[in-house]
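This report concerns only the one structure given below.
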Amino acid sequence: MKLASFLLVLCAALSSGAGVRLERIPGGGLQPQVVSSGDGTLHLVCLVGDPKAADVEYRRREPGITNWSNPTRVNSQAGSAIAIGTIRGVQVALGREGRLHVVWNGSQSAEPKPRAGGSPMLYSRLDSESKGFTPQRNLMTASYQLDGGGSIAADTEGRVFVFWHGAPPGKNGETNRAVFLALSSDDGLSFAGERPVNPQNSGACGCCGLTAATNPRGDVFVLFRSARSLMERDMTFLASVDHGERFTEVMSDPWPIGSCPMSSAGLTGDQKVQWAAWETAGRVQVLRGEAGRWEGQPRTFGPSKGAKHPRLATNQRGDTLVVWTEGTGWQRGGAFAWQVLDLKGEPTAEKGRQEGLPAWDFAAPVALANGDFAIVY
């Protein structure tokens, strides 16, 4: 090949951007979560069975393999997870040495119960010795009235961060709710009792899910919907630069609405750039941060209304895939849509929309080892 022709081919390859492929959950399931290990192994969890009393199912796929493994049940008590409402499902994180950690809101029948009663915040981890999952544990020791979905994050030094929002002892009402953190420093073997980390008087929107993540520097991020009053349900972004000891408010996106929108959010990033996505007034907002500084105004995606449940994934080149649902609601399915952003946050030509989401569902993006993306649904 002549040099000029070679350079044209090389430039075309470098500018083509990341591709996106769609994958069905093998065997079916709801609310998938997919994470990738450093070696390119994919880990998939989802909910199966009765949405009121579901099971958490786990599969994996090694690099170079096209098929997922046979499913393994994560929850040790059958029917102890919940899919109803879309925002109370399973969340996962990869910690030290690639260990998989899993949390989910317990169903009404789930055990063990919190001391004050109600549904538990349940945790399990993949046992490297037995290749199975440890018996589920409740992490709520003092808080109660668990409602909106919790989340989990982990770092490379053995810390596991589990977040949820609930009522502090002796208090009720959304304006009194708090975001709690239960922290493990030994890869999930034990957890300290939960403590509140949200700003004073922020409250928490009862039926909305929160999400958490870490970056390679060990910073911890939390997105949750506050409830400073019944008409102030702002998306609030917290960050910690000391491994979860203290959290500061980075951003608050106002949404004056007098009812719970049952929303959820997404976080992703790498050593340099982080991304956050959430819903405000039926549209998806995406905020970019670099070297600990977050841009002032988020980008807006989706139709004029009806966009929910954004999820994010970033590949090794710094491209980021944003996926969200459209037209979904209580007991109503819909579609999902996507847009790839480049390293600077500019939309690329890669975007699309797919019908066929059932009720209580969303789609999950994941970055693949070759630099492309998959959307699992």
Side-chain angles (χ1 to χ4, degrees), residues 18-49 54-78 80-81 83 89-104 122-137 151-156 158 160-162 184 187-189 211-214 216 266-268 270 311-316 321 323 361-377:
V20 176
R21 73 181 193 218
L22 308 184
E23 293 191 31
R24 288 282 191 178
I25 300 172
L30 296 174
Q31 301 174 30
Q33 300 282 332
V34 191
V35 291
S36 177
S37 300
D39 65 354
T41 298
L42 299 183
H43 305 266
L44 164 66
V45 296
C46 64
L47 300 178
V48 298
D55 290 325
V56 180
E57 195 171 84
Y58 166 74
R59 296 174 186 261
R60 63 187 286 131
R61 188 166 73 197
E62 309 289 344
I65 305 298
T66 58
N67 295 325
W68 293 92
S69 68
N70 291 328
T72 299
R73 198 177 81 188
V74 176
N75 49 310
S76 52
Q77 176 197 3
S80 57
V90 60
Q91 301 282 326
V92 297
L94 289 172
R96 180 160 54 184
E97 299 179 350
R99 184 187 294 277
L100 188 73
H101 303 271
V102 188
V103 294
W104 65 98
L122 296 174
Y123 166 82
S124 179
R125 66 176 195 158
L126 191 60
D127 188 335
S128 58
E129 298 299 327
S130 69
K131 306 300 183 182
F133 285 86
T134 58
Q136 64 193 45
R137 282 184 280 164
S151 190
I152 189 169
D155 66 19
T156 58
V160 182
F161 309 85
V162 179
S184 171
D187 300 292
L189 283 173
T211 190
T214 59
L267 288 166
T268 190
D270 54 24
R311 299 293 186 267
L312 301 161
T314 297
N315 68 12
Q316 61 214 22
L321 173 62
V323 182
D361 204 11
F362 51 73
V366 63
L368 304 175
N370 66 357
D372 287 337
F373 294 101
I375 301 176
V376 181
Y377 71 107

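These figures come from a predicted structure and were not determined experimentally.
- The local environment of CD in E97 is sparse, with at most 12 non-hydrogen atoms from other residues, nucleotides or ligands closer than 6.0 Å.
- Considering all non-hydrogen atoms of both residues, A154 and L94 come closest at CB-O, 3.8 Å.
- Closest of all the heavy-atom pairs between A367 and A313 is N-CB, 4.0 Å.
- Using the six-membered ring where Trp is involved, Y58 and F133 have ring planes that are perpendicular, over 60° apart on the 30 and 60° scheme.
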(request) Quick one: do I152 and Y123 satisfy side-chain contact (heavy atoms from CB on, under 4.5 Å)? Show the steps, please. (result) CA-CA 9 Å; I152 189 169; Y123 166 82; 4.0 Å; yes
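- Considering only heavy atoms from C-beta on, S37 comes within 4.5 Å of H43 through its side chain.
- Judged by distance alone, the side chain of Q316 and the main-chain N or O of A369 form a donor-acceptor pair under 3.5 Å.
- Nearest heavy-atom pair, G371 versus N315, reported as atom, atom and distance to 0.1 Å: O-ND2, 2.7 Å.
- Of the possible donor and acceptor atoms, one in the side chain of R73 sits under 3.5 Å from a partner among the backbone N and O of S76.
- To the nearest 0.5 Å, the span separating CD on Q91 from NE2 on H101 amounts to 14.5 Å.
- Put simply, CG on L47 and CG on D361 are 9.0 Å apart, with the number rounded to the nearest 0.5 Å.
- One distance of note links CD1 of I375 with CG of L321; it measures 5.0 Å at 0.5 Å rounding.
- Taking 4.5 Å as the limit, every side-chain heavy atom of V376 sits out of range of all side-chain heavy atoms of C46.
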(message) Test side-chain contact (heavy atoms from CB on, under 4.5 Å) on V74 and V90; report intermediate values, then the result.
(response) CA-CA 10 Å; V74 176; V90 60; over 6 Å; no
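- Within the 3.5 Å criterion, the main-chain N or O of D187 finds a donor-acceptor partner in the side chain of R125.
- The side-chain contact (heavy atoms from CB on, under 4.5 Å) check on D155 picks up E157, R159, F161, H243, with sequence neighbours excluded.
- R311 forms a cation-pi arrangement with F362, by the criterion of a distance under 6.0 Å to the ring centre and an angle within 45° of the ring axis.
- Listed here is the closest heavy atom pair of A153 and T214: CB-CG2, 3.8 Å.
- Applying the salt bridge (charged side-chain N to carboxylate O under 4.0 Å, His left out) test to every pair with at least one member in residues 19-33, sequence neighbours left out, gives these pairs: R21-E23, E23-R61.
- Separation of atoms OG (S124) and CG (N75) is listed at 8.5 Å; rounding is to 0.5 Å.
- Note that CG of L368 is 8.5 Å distant from CZ of F373, once rounded to the nearest 0.5 Å.
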(request) Begin with the C-alpha distance, continue with both residues' side-chain angles, and end with the deciding distance and a verdict on side-chain contact (heavy atoms from CB on, under 4.5 Å) for L100 and V92. (result) CA-CA 7 Å; L100 188 73; V92 297; 4.2 Å; yes
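- Heavy atoms only, all atoms of each residue included: V56 and A81 are closest at CG2-CB, 3.8 Å.
- With rounding to the nearest 0.5 Å, the separation of CG in L267 from OG in S151 is 8.0 Å.
- Q136 and S80 are linked by a side-chain donor-acceptor pair at a separation below 3.5 angstrom, with hydrogens and angles left out of the test.
- Contact record, L312 with G266: CD1-O, 3.5 Å, taken as the closest heavy-atom pair.
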(request) Go through V35 and V366 one step at a time and tell me if the side-chain contact (heavy atoms from CB on, under 4.5 Å) criterion holds. (result) CA-CA 6 Å; V35 291; V366 63; over 6 Å; no
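- Listed by chain and residue number, T41, R60 satisfy the side chain to side chain donor-acceptor pair (under 3.5 Å) test with E62 (two or more places apart in sequence, or in another chain).
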